[in-house]
Chemist: 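Let me give you the structure first, and then I'll get to my questions.
To find a chain, count down the sequence lines: A is the first, B the second, and so on, and within it residues start at 1. Side chains are part of it too, since the values below use all heavy atoms of this structure and drop only hydrogens, waters and symmetry mates.
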Number of protein chains: 2
Amino acid sequence: MQRVATLLSKAIVTGQLAPGARLSESVVARELGVSRAPVREAARLLENSGLVTYHANRGFFVRETSAEALNDLYELRMVIEIAAAQRVLRHGLTDTIDRLAAQIDVLHEVAAAGADMLTQVEADMEFHRLLCSGSGNPKFLHVFEQIAAETEFSIMVIGRLYDDPHKIAETHEPIVNALRHGDEVATREAIRYHIGVAQELVTRQFRDVEAGTAER
Amino acid sequence: MQRVATLLSKAIVTGQLAPGARLSESVVARELGVSRAPVREAARLLENSGLVTYHANRGFFVRETSAEALNDLYELRMVIEIAAAQRVLRHGLTDTIDRLAAQIDVLHEVAAAGADMLTQVEADMEFHRLLCSGSGNPKFLHVFEQIAAETEFSIMVIGRLYDDPHKIAETHEPIVNALRHGDEVATREAIRYHIGVAQELVTRQFRDVEAGTAER
DNA sequence: GTTTTGGCGATTGTCGACAATTCCCTTGAC
DNA sequence: GTCAAGGGAATTGTCGACAATCGCCAAAAC
């Protein structure tokens, strides 16, 4: 079942399954050589992470996204991640900051290694996941996981817009720097800027896609 | 299936099913006169709303809560509801404010009618749901729904501590007043205070429960 | 030409049975 | 008396089949 969920998840994030496409239980089950039960379970899991939507008696569909939905997503990310960072500072969770710094090194490494986009995106995701999980409030991580899949998808879109992969790593540095200085305001602004830039990029890109003037 | 989910949900919120209790699929299925499939589906739904937890190959358990977890919950509520209110002001969503004011009237009405605790708690929940749904960002509402069940449970705990039910309605008024004045800072502080007081109450109550010096 | 209604095909919803796994209790060794 | 290994009961995981429901298309009525 977990295997089915992972496979479907990858297929959706990489775009193999087009947004809006119907997820026929029997078709998926046949293709993966299992029965419909584990497919349903897996689909329910993906529903939680926002990858698919469910309509009663009609089945599962790959969630369609829009510029507006992505804009809303980034608004939520800003709120959650700023709150998480604030918590890190207020509770003096310095080892969280260390882990974030280490993850930036990882980002540089995968960039230097010329890794494929998915690997880079996952390293990027991990940075933000570490921020939420290291906040000390598991509810923040829970919210992050809820929107993780859609976020991953959106970062995938943005990643293709960067010419130099090292730049992706660099955009995270001001956040860690501000955290190291223990400066709440600077941290908030760093995150607001980091996510704001991404929000701008992904929203514009999607508006272009919707207008038909750009490729996904 | 929806029927099963609703029944289980009520049983948990009202305390018929004790925290930590195992949710045996076959037992629940037999009691409700259905097969295990819809029970599993319903349990998955309840998992999303945080009412039950799932352990692989071990099944579903009624989620146990703690003073710490409730404290974390209220921290998240503060973050989300403040963000939602901020959005209401920045986008000039005055009809949301009208609906919130109307909901306070509802709160007074159920108080005057001497309604039972569950009805009052649901009216209270509706106020906060309206704030999130009326924010214009559906993601905020999504987060609210994720934590709705646990929140409802916690408000149930607090509600019993109030002697006069009208006081519950009154604690919401400063929020609407600040919103009407279009004052972002005052709104933020009103919500922080409103949720902060509840956080204090519920956390203390649960610490007492954990210490064995109070009843749930 | 438009709208409503009927039926057909396909898909989901539910079921009972079997396989796989886990947990607990017994048994045995030390 | 304590601990480890084994076996059995109980529970979850998966399966294939059937029932219920939905959407589509054609046919008929207006």
Chemist: Near DNA chain D, counting only heavy atoms under 4.0 Å, which residues of residues 37-48 of chain A show up?
Modeler: A:A37, A:P38

Chemist: Does a side-chain N-to-carboxylate-O contact under 4.0 Å join B:R63 and B:E47?
Modeler: no

Chemist: For the atom pair CD1 (B:I147) and OG (B:S49), what is the distance rounded to the nearest 0.5 Å?
Modeler: 11.5 Å

Chemist: Could you identify which residues of residues 22-33 of chain A place a heavy atom less than 4.0 Å from some atom of DNA chain D, listed by residue number, or say none?
Modeler: none

Chemist: Just by distance, no angles: are the side chains of A:S154 and A:Y74 close enough, under 3.5 Å, to form a donor-acceptor pair?
Modeler: yes

Chemist: Do A:N71 and A:Q199 have side-chain atoms, one donor and one acceptor, less than 3.5 Å apart?
Modeler: yes

Chemist: Using modelled atom types and a 3.5 Å cut-off, is there a donor and acceptor pairing between side-chain atoms of B:R22 and backbone atoms of B:F61?
Modeler: no

Chemist: For residues 29-54 of chain A, pull every pair meeting ring-ring contact (aromatic ring centres under 6.0 Å, His included), keeping only residues two or more places apart or in separate chains.
Modeler: A:Y54-A:F60

Chemist: Please lay out, stage by stage, how B:D72 and B:R77 fare under the test salt bridge (charged side-chain N to carboxylate O under 4.0 Å, His left out).
Modeler: CA-CA 9 Å; B:D72 290 346; B:R77 284 189 63 194; over 6 Å; no

Chemist: Holding to ring pair (Phe, Tyr, Trp, His ring centres under 6.0 Å), I want the full list of residues that pass it with B:H142, two or more places apart in sequence or in another chain.
Modeler: none

Chemist: Are the charged groups of B:E145 and B:R129 less than 4.0 angstrom apart, N to O?
Modeler: yes

Chemist: Would you jot down, in residue-number order, the residues of residues 51-61 of chain A having a non-hydrogen atom under 4.0 Å from DNA chain D?
Modeler: A:N57, A:R58

Chemist: Apply the test salt bridge (charged side-chain N to carboxylate O under 4.0 Å, His left out) to residues A:K10 and A:E122: give CA-CA distance (whole Å), side-chain angles for both, the deciding distance (0.1 Å), then the verdict.
Modeler: CA-CA 12 Å; A:K10 283 244 190 284; A:E122 272 167 4; 3.4 Å; yes

Chemist: Can you label the angle between the B:H194 ring and the B:H172 ring as parallel, tilted or perpendicular, going by 30° and 60°?
Modeler: tilted

Chemist: From the 5' end of DNA chain D to its 3' end, which nucleotides mark the outer limits of contact with chain A, defined by a 4.0 Å heavy-atom distance cut-off (strictly under)?
Modeler: D:dT14 to D:dG23

Chemist: Between A:H128 and A:F144, does the ring centroid distance fall short of 6.0 Å?
Modeler: no

